[in-house]
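Data first, discussion second: the structure below is written as structure tokens.
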Amino acid sequence: MAPTLAGPRDHGLFGCVLALAAALRVLVMLGYDTARLYWYDSFTYLDTAVRLRPQGAFHPAGYSWFLWALRPFQSVELVAGVQHAMGLAVGVMIYLLLRRRSLPAWGAALAAVPVLFDPAFVRLEHAVLSDTQVIFLVVAALLVLMWRGEVSTRAAAVAGVLLALAGLTRTATVPLLGLAALYLLLRRTAWQARWQARWRATLALVVAGALPLAAYAGWYAQHHGRFALSGSDGVALWARTMTFADCSIIRPPADQAALCPNGTVLDAASEYVWDPRASLNRLPGDRFTHNDLARAFALRAIAAQPLDYLREVVRDASLAFTWEPVAHPKRMSPTTAFQRGSWPLPSGQPLVDQVRKEYDPDIRGMRSVEPFASILAAYPYPWFLHGTLFGVLLLAGGAGAVLRPRTALLPWSFAVFLLVAPVAALDFDHRYVLPAIPVACVAAALAVRRPAPRRAGGYPRGYDHVARPRASANGSRAS
């Protein structure tokens, strides 16, 4: 059992930090007249919430279930309010986990600062997008897995369900279940090395995580005819290969040759998914009907040009560490602050009218509200705290993963995977970096913490004496 938390008086500093973070979110709710809705992501989420059937393209239904639960209130503003509360809860979970792991109050509070005060996180909380839910579920799973020195079967099962829900919110997070299982299987506590206990916890995690994923895949198959979580993985990976694919090297079979680069050059891999000039989009039918063919081509391209693929992934992932934000693709304008202005909804889109009628009649474009918007626009949060410092956090966490693998390895591996996986599967996006930051903060904090003081006999102070080996009557150790 890990060290117990301090008394309420010792949490005064974090209480002040949390109050300021809550005040910032209240100011955001006042500074914008509604939640931010994006075309077309927000509307497909809302449409799935109304119809409760899995979408055949990019988005699994996990976030739409959350929207469905709030549907009776018919308010996207309420959705934003609940997501702001989830953002605060993520900060609380980071703080509690690190205090549980013997960090001082100031250190644990400092690790929670990015998720509580970075405008990038707060803006996502105010939008109808799945990112906040993904972050909440991943950090909650990490909290459950690391709360005690030994992971019980029940805790492992709860973590498995949380990671499965994260995977059903964003499919790129599904492999986190495997990372967590590997961690449980290979870890060895100071006094408990029994394979049986580790196998039980690992099995509980895998089964509890696999069952929701399998059930969703079966539901998806009922509607779309294939056992899967989404219908876009092949299209995404094909787009990733378009930045380096050379068909003179790949030599694809005749049915895949139509997916070779056709001379269209775009400045980001994700642009190939949507550009009508790209080879996939010149095939008859909807692009996602060719998902299996696109996957086959992409895997062949990666096998034929592995170093080119690795180069593109490394180059795009490095964009997360720049001092100033890099526009990627160039048509995007990354920002480090809260903005003033108005953001109208697209006109002439039947889906907008349909969602407005069936989910929230008051859905409209967002605009800023004075004087609150001017206060938000003056709010300073330097980009390097989100970019360059993120790289420093990963380096510190990596050192901790090597020197203190029992504490820092799991959050660090989560952070690295959450950074690299979207780039390897499709492309870099500043928004996709955000889920990696909170767990990177946890890993870095655990890497620099002082080791817990130890009692006589070699056991950390605060650990439950029941978990120690007991002496038998003849003086030998009993397990």
Side-chain angles (χ1 to χ4, degrees), residues 86-87 89-91 93-94 97-98 110-125 129-143 145-146 159 162-163 165-167 169-180 183 236 270 313-323 325-326 328 334 336 381 383-401 407-447:
M86 292 169 66
V90 171
M93 288 190 288
I94 291 172
L97 173 59
L98 294 177
L110 184 63
V113 163
V115 75
L116 291 176
F117 292 100
D118 189 335
F121 286 97
V122 184
R123 289 200 309 265
L124 280 181
E125 294 167 16
L129 293 172
S130 64
D131 304 72
T132 299
Q133 180 169 304
V134 171
I135 295 168
F136 177 87
L137 291 169
V138 169
V139 173
L142 193 66
L143 177 74
L145 288 171
M146 299 187 66
L162 290 170
L163 290 174
L165 291 175
T169 304
R170 181 173 293 170
T171 53
T173 62
V174 170
L176 292 180
L177 192 66
L179 287 178
Y183 170 80
S270 56
V313 171
V314 171
R315 185 187 66 180
D316 284 356
S318 68
L319 298 177
F321 310 123
T322 58
W323 188 271
V326 175
H328 184 85
T336 63
Y381 194 93
W383 175 260
F384 68 84
L385 294 180
H386 174 62
T388 306
L389 182 61
F390 176 49
V392 174
L393 291 174
L394 280 182
L395 288 175
T407 55
L409 179 60
L410 183 62
W412 182 79
S413 63
F414 273 23
V416 172
F417 182 85
L418 289 170
L419 168 66
V420 175
V423 182
L426 175 59
D427 201 357
F428 170 83
D429 191 309
H430 292 293
R431 171 186 155 200
Y432 296 156
V433 176
L434 296 181
I437 294 177
V439 285
C441 290
V442 171
L446 292 174

Gap between atom [atom2] of [Y] and atom [atom1] of [X] - 0.5 Å precision:
X	Y	atom1	atom2	answer
Leu137	Leu142	CG	CG	12.5 Å
Phe321	Leu389	CZ	CG	11.5 Å
Phe136	Glu125	CZ	CD	11.5 Å
Ile437	Ile135	CD1	CD1	8.0 Å
His328	Asp316	NE2	CG	4.5 Å
Leu165	Thr173	CG	OG1	9.5 Å

* Structure fact -> Ala436 meets the side chain to side chain contact (heavy atoms under 4.5 Å, CB included) criterion, sequence neighbours left out, with Phe390, Leu418, Leu419
Please give me the minimum heavy-atom distance between [X] and [Y], naming the atom from each residue.
X	Y	result
Pro334	His430	CB-CD2, 4.0 Å
Ala445	Ala111	CB-CB, 4.2 Å
Met146	Thr407	CE-O, 2.9 Å

* Answer yes or no: is there a donor N or O on one side and an acceptor on the other, between the side chain of Trp412 and the main chain of Leu394, under 3.5 Å? => yes
Are side-chain heavy atoms of [X] and [Y] found at a separation under 4.5 Å?
X	Y	answer
Pro411	Leu446	yes
Ile94	Pro438	yes
Phe414	Leu163	yes
Tyr183	Ser413	no

* Excluding sequence neighbours, so at least two apart, what forms salt bridge (Lys or Arg N to Asp or Glu O under 4.0 Å) with Asp427? -> none
